[in-house]
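Chain identifiers are assigned alphabetically (A, B, ...) following the order of the sequence lines, protein sequences preceding nucleic acid strands; residue numbering begins at 1 within each chain.
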There are 2 protein chains.
Amino acid sequence: MNYQIELRHFVYFLAVADELHYRKAAEKLFISQPGLSTQIKQMEEILGTQLFVRDKKKVSLTPAGEFLKKEVEFILNHLDQTKKQVKLIGDGQLGEVRIGFLGSAMQNVVPNLLLGLKEKFPTVHTTLEELSNRAQINAILADRLDLGFVRLSRVPKGLDVKPVFEDTFSLVLPEDHPLDAKHFKNINQVADEDFILFSQDYSPMYYDTVLSICEDSGFVPNVSHKSVHAQTIFKLVENKLGIAIVPTTLQHGFQMKVKFIEMKKIKQRAVLSMVWKTDNRNPALQKCMDLLQKL
Amino acid sequence: MNYQIELRHFVYFLAVADELHYRKAAEKLFISQPGLSTQIKQMEEILGTQLFVRDKKKVSLTPAGEFLKKEVEFILNHLDQTKKQVKLIGDGQLGEVRIGFLGSAMQNVVPNLLLGLKEKFPTVHTTLEELSNRAQINAILADRLDLGFVRLSRVPKGLDVKPVFEDTFSLVLPEDHPLDAKHFKNINQVADEDFILFSQDYSPMYYDTVLSICEDSGFVPNVSHKSVHAQTIFKLVENKLGIAIVPTTLQHGFQMKVKFIEMKKIKQRAVLSMVWKTDNRNPALQKCMDLLQKL
DNA sequence: CTATTTGATAATTCATGTTTATTGATTATT
DNA sequence: AATAATCAATAAACATGAATTATCAAATAG
């Protein structure tokens with residue numbers, strides 16, 4: 001009287017509806033015929049409607065049963081798909097990773113990650129957003145982002161960081177600047193020039209690192225301009241408004257009248273790190289991070 | 001290990017997913033907290049995926065759980081609607097009745113039935129088909145029709161008949177025929193005329209009845225033409241090719257130069273009956289038949 | 001530090017799904 | 001017509017597993 005329909009009922013019902021024969025249906029289900037009979041009867045009681053007509057040696061569906069059959073087929077089918085998808089999501093084969101990144105990560109790390117994902121986990125979707133260090137951190141804390149690519153050494157509690165790419169620094173000079181790679185020995189050769197840097201606010205780590213490079217050579221740079229876009233910085237250099245120090249990989253993807261001198265000998269490196277929330281259980285994120293280890 | 005997901009799991013799962021708190025969810029479900037814990041755990045084992053993260057004093061959904069929640073909400077909702085619809089169909093409130101009828105039933109009985117259905121059971125749909133007596137019987141036997149309106153006294157085994165409308169017979173004469181209603185006393189006043197009747201094959205009962213009317217007045221009619229369409233018969237009468245005897249209600253709906261003389265005094269009646277298969281369990285059919293009793 | 005709250009675990013109870021055995025009804029066979 | 005066979009329904013016995021009670025460990029709040 002107080003019972004509840006269960007999926008078992010549906011499976012039984014479908015068997016009978018298909019066979020139109022209790023004993024055969026029971027055999028197919030590997031249960032006894034009386035058990036099947038009682039369950040169907042119970043089902044009819046719960047629904048308050050007769051589903052089968054047992055009439056003179058033959059079983060047939062009532063219109064209500066006919067209708068229910070279609071619906072049950074749909075529901076069981078939908079359920080089957082759902083179970084499979086849940087498993088896939090749980091295994092990280094299917095899902096979405098929301099990625100934030102600094103512009104400079106687009107030169108190298110992020111494209112490689114996307115290619116790797118496409119190859120190994122083609123059903124994992126990604127959404128990409130170019131954001132500042134700070135914006136990424138906020139987004140990750142607020143669960144609006146799964147993974148960030150930042151240039152930071154320290155992150156708030158609850159987040160984890162891990163370096164994924166180390167880059168040398170390069171000096172950026174106007175194309176016709178007298179200094180060239182062959183004659184470059186030490187950064188103090190350009191100690192008197194004006195410097196154009198990424199703004200401290202945009203990337204504190206970068207800023208500090210560049211200052212420490214200069215400090216190691218015994219001078220304090222004269223910073224004439226600050227910007228948050230590499231393109232702006234290169235443009236300023238092109239127009240001889242100063243020189244710059246940037247991560248080396250930034251030289252790709254721009255067509256400017258500037259030249260790069262890679263400073264391999266200085267010890268500082270531009271470190272790109274990935275950041276994520278420690279307790280983020282997105283299985284697709286795990287797959288991403290596994291992939292990044294191997295790159 | 002070998003268990004099967006049941007709807008109970010889904011209901012429990014939704015409760016926890018909504019509350020994100022086992023004890024509160026258990027209270028809402030009127031079961032104990034440990035029972036809920038074990039069922040959710042079992043569910044996770046069956047699906048092979050973790051659905052909740054129980055982490056330091058707070059419960060939250062995994063991406064797989066998040067996905068499952070949406071699907072379960074959909075499934076349970078769909079199921080609810082299905083249960084209601086099955087009940088409605090079983091009660092005959094929702095469904096379809098396939099109706100066959102003789103042209104003459106369209107004057108009166110069928111329109112009334114349709115109006116009644118529309119009023120009392122607006123969700124019961126009907127399909128209509130004008131068919132001969134024989135064609136209706138065959139269609140009902142073959143389960144292509146639920147209900148028929150025929151002029152027959154006897155039907156094959158497995159079918160039931162019940163009269164729904166009794167009609168007097170009328171004499172059909174050309175408009176300028178010397179006989180009129182005022183001077184009509186007995187059918188033998190036109191015993192010498194040619195008669196135009198519905199063909200015996202189309203409606204044996206009608207044919208026999210008309211013959212018996214004449215017989216009662218002591219003559220055998222001279223049948224000059226037979227037809228299956230009232231319109232044809234009236235046209236022939238209009239052109240003075242004979243006179244006819246038809247069920248009285250047929251006079252409506254035609255615009256012809258003929259006059260009708262209703263013969264109330266003769267005992268024979270044109271009986272319209274409904275026919276259906278004895279074991280037809282279409283609940284909507286029952287509603288139809290109930291309605292017809294009251295008309 | 002103590003008290004409280006959380007979900008998980010263990011043992012027990014109890015509901016109910018399932019089986020075996022049987023019956024009544026119908027159909028096929030001789 | 002009598003017998004055998006087939007079908008679904010019913011009754012009683014059984015067993016599976018869901019739910020309860022009692023308890024614990026971990027974490028948080030006062």
Checklist outcome for this item: Contact string for nucleotides 3-14 of chain C, one letter per nucleotide 5' to 3', B = base within protein heavy-atom range under 4.0 Å, S = sugar-phosphate only, - = neither, reads --BSBBB-----

Item to check | Positional range of nucleotides in DNA chain D within the contact set of chain B, heavy-atom, under 4.0 Å | outcome: D/dG17 to D/dT28

Next on the checklist: Do B/L68 and B/M43 make a side-chain contact, defined as non-hydrogen atoms from C-beta onward lying under 4.5 Å apart?
Outcome noted: yes

Checklist entry - Which whole-number value in Å describes the distance from A/L36 CG to C/dG17 C1'? => result 12 Å

Checklist entry - Rounded to whole angstrom units, what separation is found between the CD atom of A/Q39 and the P atom of C/dT19? => result 10 Å

Checklist entry - Should the heavy atoms of other residues, nucleotides or ligands under 6.0 Å from CG of B/D201 be counted, would the total exceed 12? => result no

Checklist entry - Counting heavy atoms not belonging to B/K28, are there more than 12 under 6.0 Å from its NZ? => result yes

Least distance between heavy atoms, [X] atom then [Y] atom:
| X | Y | value |
| --- | --- | --- |
| A/I46 | A/I5 | CG2-CG1, 3.6 Å |
| B/A26 | B/L36 | N-CD2, 3.5 Å |
| B/F74 | A/H78 | CD2-NE2, 3.6 Å |

Checklist entry - What nucleic acid atoms does B/Y12 come within less than 4.0 Å of, heavy atoms only: base, sugar-phosphate, or nothing? => result sugar-phosphate

Item to check | A/R134 versus A/Y202, side-chain donor and acceptor atoms under 3.5 Å | outcome: no

Checklist outcome for this item: Residue set satisfying ring pair (Phe, Tyr, Trp, His ring centres under 6.0 Å) with A/H125, at least two apart, ordered chain then number -> none

